[in-house]
Engineer: 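Got a structure for you, questions after.
The model shown is predicted, which means the values in this text are computed figures rather than measured ones. Ligands are counted one by one from 1 in listed order, and the atoms in each one are counted from 1 as well.
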Amino acid sequence: MHITLNKQLNAPLYQQIKNQIIRLILSGSLSAGDILPSERQLAEQLGINRSTVNKAYWELKSEGFIDAQMGSGTIVASQFSRTAENTDAYIPPMPWPQIMTQPYQLSGNTIIKTALEAIGEPDTISFAGGFAGDDVIPVDLVKSLMPKCLSTYGSQLLHPTPLLGLSALRSALCKQGTLKGIQAGIQQCMITSGAQQAISYLTSLFISPGDMIFTAAPSYVGAIEIFKAHGAKVVGIPVDQFGMDTDILENYLIRYRPKLIYLNPNFQNPTGTYLPLERRKKLLDLAYLYQIPVIEDDPYSEIYFDRIDVPLLKAMDRHQYVIYIGTFSKMLFMGGRLGWIFGAEEVIQRLGFMKQVTDLHANTLHQYLVLEALQSGMLPKHLAQFRAQVKAKQDVMVEALNAYHIDGMSFNIPEGGFYLWLELPSRLNAHSFFEACKTLKVAVMPGDPFFPQATAEHTYVRINYTYPAISDIHEGVRRIMKAIEMATVTSQNQKIESYNDLIL
Ligand SMILES: Cc1ncc(COP(=O)(O)O)c(C=O)c1O
């Protein structure tokens, strides 16, 4: 009789023994009259206490599965009848997490899921997401592109595309790239289902469990999650008001050899920083010196409020060390799930295979929509308007925050991107703060998960200004301030002055 015990399972050991014996009986592997090992023998065989076997046998006896017979020991009961009902009762639940592969065994951080869910909550003002709200999302643009796409491309909109994406779209992206100084031909470009898929593919391609990745600290939580799910050691290089500190990066590179450096140098998520030219040069020099690929994840460079003349890292790279990720999620809409990668041809070819074994190709209709937006010249027009709308929302947000003067609270004002990075007073209880936000129906992104390693020193939140309606921003900020008040105690254990009545 073969029984295996799993001490990691929630089910107690006696229950596991009992269930397995029942299964052996129900499956016919044990028949009426078969002799079971004695309690002592089974306990020794399984390396457990005899009382555990005793408990299992006792329950099996009382449920009529086994009998004790003088002289023969414990035997399978003869009158036991197999019915569909009792078969079902003894099939144990499938231990799903145990059979999952390592990246998915842990449930991970639920921050992105929570942020997406908060969007639909009635009466909640959400600053937690990272996308455009109804007042700025380009519905009219799509309305005018759609009929053109239908008449120009017809049935092609419904057919599959090549693995790497529509050639015409890849060509158009390469042309756009050239305008920004990026030298990439069509063989060095692929279309992905969003930047998230691009990060995930690149991680699968380069990272084995235990490999090290350097990221900014803080850095985009969605990338940190992917890296950790693949078993990478994620090391955070501190960010100051200019972005990743390249002096510290150099010190770390002297000591460690990461497999990859990942960053968003252009209006970083979450801090909004834009890496200055000198730091870009230094970062590339270090990458060349230590032969480390750099992933430039760039959803936000087109969302600038004043043109910035610092080139993209990929445009500065003349040796194919930088793999560039672009996306239409921020400049158009996130639901299209369309992004792209510029990288060395060897990399793109391997990624093409990954596309084949996952989802074959990115959504055809959206590829044509974006192609039409690029070719018709409507995208630059939309972007000019969108930047102004986003800036107006940022201004309202800043004005709302500036109406409050809370000791220890500070924030940056980025020159582009979607977010403010708010440092909260150190005497604030972070847990109470997020509870209070929930009660007050305001959603913000907690800052902690943006750090690859836990930091207890400060409490940060990331607040997005593109999603909430412009008319809701003041009220939303009032709720955040109220939550701060509810979660903050002074040294005399007093609540800080009340912002309840401040009407903006
Ligand atoms: C830095 C960064 N990378 C990637 C993504 C994911 O973008 P996509 O919607 O294209 O998958 C985001 C979205 O917030 C982001 O901020």
Side-chain angles (χ1 to χ4, degrees), residues 109 111-116 118-119 126-133 137 165 169 173 190-204 213 215-227 229 234 236 239 243-244 260-275 294-304 312-314 322-342 351 355 358-359 362-363 366-367 369-370 390 414 416-421 443-447 449-452 462-467:
N109 208 304
I111 186 169
I112 293 180
K113 189 167 161 267
T114 311
L116 291 173
I119 307 304
S126 177
F127 300 108
F131 33 96
I137 206 157
L169 178 57
L173 287 169
M190 83 176 280
I191 311 295
T192 60
S193 302
Q196 195 72 9
Q197 185 178 63
I199 303 168
S200 172
Y201 278 11
L202 292 167
T203 310
S204 301
I213 300 183
T215 68
S219 192
Y220 170 52
V221 57
I224 296 175
E225 296 256 278
I226 295 175
F227 301 150
V234 189
V239 165
M244 184 188 272
L260 289 174
I261 300 172
Y262 164 89
L263 74 166
N264 356 110
N266 320 310
F267 308 124
Q268 196 231 18
N269 179 1
T271 60
T273 49
Y274 199 98
L275 201 70
V294 176
I295 297 180
E296 178 180 28
D297 179 19
D298 178 33
Y300 303 102
S301 64
E302 284 296 336
I303 319 296
Y304 54 81
L312 299 173
L313 263 187
K314 180 68 179 162
V322 176
I323 301 171
Y324 175 90
I325 301 176
T327 175
F328 291 100
S329 283
K330 311 295 162 172
M331 51 175 141
L332 272 176
F333 47 91
M334 193 166 166
R337 311 301 309 127
L338 220 57
W340 73 97
I341 302 177
F342 288 135
L351 294 175
K355 198 80 186 134
T358 46
D359 60 352
N363 182 291
H366 286 129
Q367 290 193 63
L369 261 183
V370 166
V390 173
F418 276 24
Y419 315 103
L420 295 184
W421 184 237
V444 295
M445 214 39 141
F450 290 82
F451 290 90
R462 190 197 73 178
I463 44 182
N464 160 266
Y465 40 78
T466 55
Y467 180 76

Engineer: If you define the side chain from C-beta out and look only at heavy atoms, does anything of Phe127 sit under 4.5 Å from Tyr465?
Structural biologist: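 Heavy-atom side-chain distance check fails, nothing below 4.5 Å.
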
Engineer: Does Asn264 reach ligand 1 with a nitrogen or oxygen that is under 3.5 Å from one of the ligand's nitrogen or oxygen atoms?
Structural biologist: no

Engineer: Using the rule given for ring pair (Phe, Tyr, Trp, His ring centres under 6.0 Å), can you reason through Tyr220 versus Tyr262, listing the C-alpha separation, both sets of side-chain angles and the distance that settles it, and then say yes or no?
Structural biologist: CA-CA 10 Å; Tyr220 170 52; Tyr262 164 89; 7.3 Å; no

Engineer: Output the list of atoms in ligand 1 that are nearer than 4.0 Å to some heavy atom of Lys330, sorted by atom number.
Structural biologist: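 In order of numbering, the contacting atoms are 13 (C), 14 (O).
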
Engineer: Does ligand 1 have any atom that is closer than 4.0 Å to a heavy atom of Gln197?
Structural biologist: no

Engineer: Is it the case that ligand 1 has an N or O less than 3.5 angstrom from some N or O of Tyr300?
Structural biologist: yes

Engineer: Apply side-chain contact (heavy atoms from CB on, under 4.5 Å) to residues Ile191 and Leu173 and explain how you reach the verdict.
Structural biologist: CA-CA 10 Å; Ile191 311 295; Leu173 287 169; 3.5 Å; yes

Engineer: Please confirm whether Gly339 comes under 4.0 Å of ligand 1, counting heavy atoms of the residue only.
Structural biologist: no

Engineer: Show me which atoms of ligand 1 lie under 4.0 Å from any heavy atom of Gly194.
Structural biologist: 10 (O), 11 (O)

Engineer: Please identify which atoms of ligand 1 are closer than 4.0 Å to at least one heavy atom of Pro299.
Structural biologist: 1 (C), 2 (C), 3 (N), 15 (C)

Engineer: Is ligand 1 under 4.0 Å from a heavy atom in the side chain of Arg337, in the backbone, in both, or in neither?
Structural biologist: side chain

Engineer: Start with the C-alpha gap between Leu202 and Leu351, add the side-chain angles, then the distance that decides, and say whether side-chain contact (heavy atoms from CB on, under 4.5 Å) holds.
Structural biologist: CA-CA 8 Å; Leu202 292 167; Leu351 294 175; 3.9 Å; yes

Engineer: Can you find an N/O atom of Asp297 closer than 3.5 Å to an N/O atom of ligand 1?
Structural biologist: yes

Engineer: Among the heavy atoms of Ser329, does any lie under 4.0 Å from an atom of ligand 1?
Structural biologist: yes

Engineer: Report, in ascending order of atom number, the atoms of ligand 1 lying under 4.0 Å from any heavy atom of Met334.
Structural biologist: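 Heavy-atom distances to Met334 below 4.0 Å select 9 (O).
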
Engineer: Using side-chain contact (heavy atoms from CB on, under 4.5 Å), reason through Phe450 and Val221 one step at a time and then give a plain yes or no.
Structural biologist: CA-CA 5 Å; Phe450 290 82; Val221 57; 3.8 Å; yes

Engineer: Give the minimum heavy-atom separation between Ser329 and Arg337, together with the two atoms involved.
Structural biologist: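 Closest pair (atom of Ser329, atom of Arg337, distance): OG-NH1, 3.4 Å.
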
Engineer: Could you check whether Asn264 and Asn269, counting side-chain N and O atoms only, form a donor-acceptor pair closer than 3.5 Å?
Structural biologist: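 The answer is no; no qualifying pair exists.
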
Engineer: Pick from Phe333, Phe131, Trp340: which one makes a ring-ring contact (aromatic ring centres under 6.0 Å, His included) with Phe328?
Structural biologist: Trp340

Engineer: Where on Gln196 is there a heavy atom closer than 4.0 Å to ligand 1, on the side chain, on the backbone, on both, or on neither?
Structural biologist: both

Engineer: N/O of Ala195 under 3.5 Å from N/O of ligand 1, yes or no?
Structural biologist: yes

Engineer: Is there side-chain contact between Lys355 and Ser193, with heavy atoms separated by less than 4.5 Å?
Structural biologist: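 Yes, at least one pair of side-chain atoms sits under 4.5 Å.
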
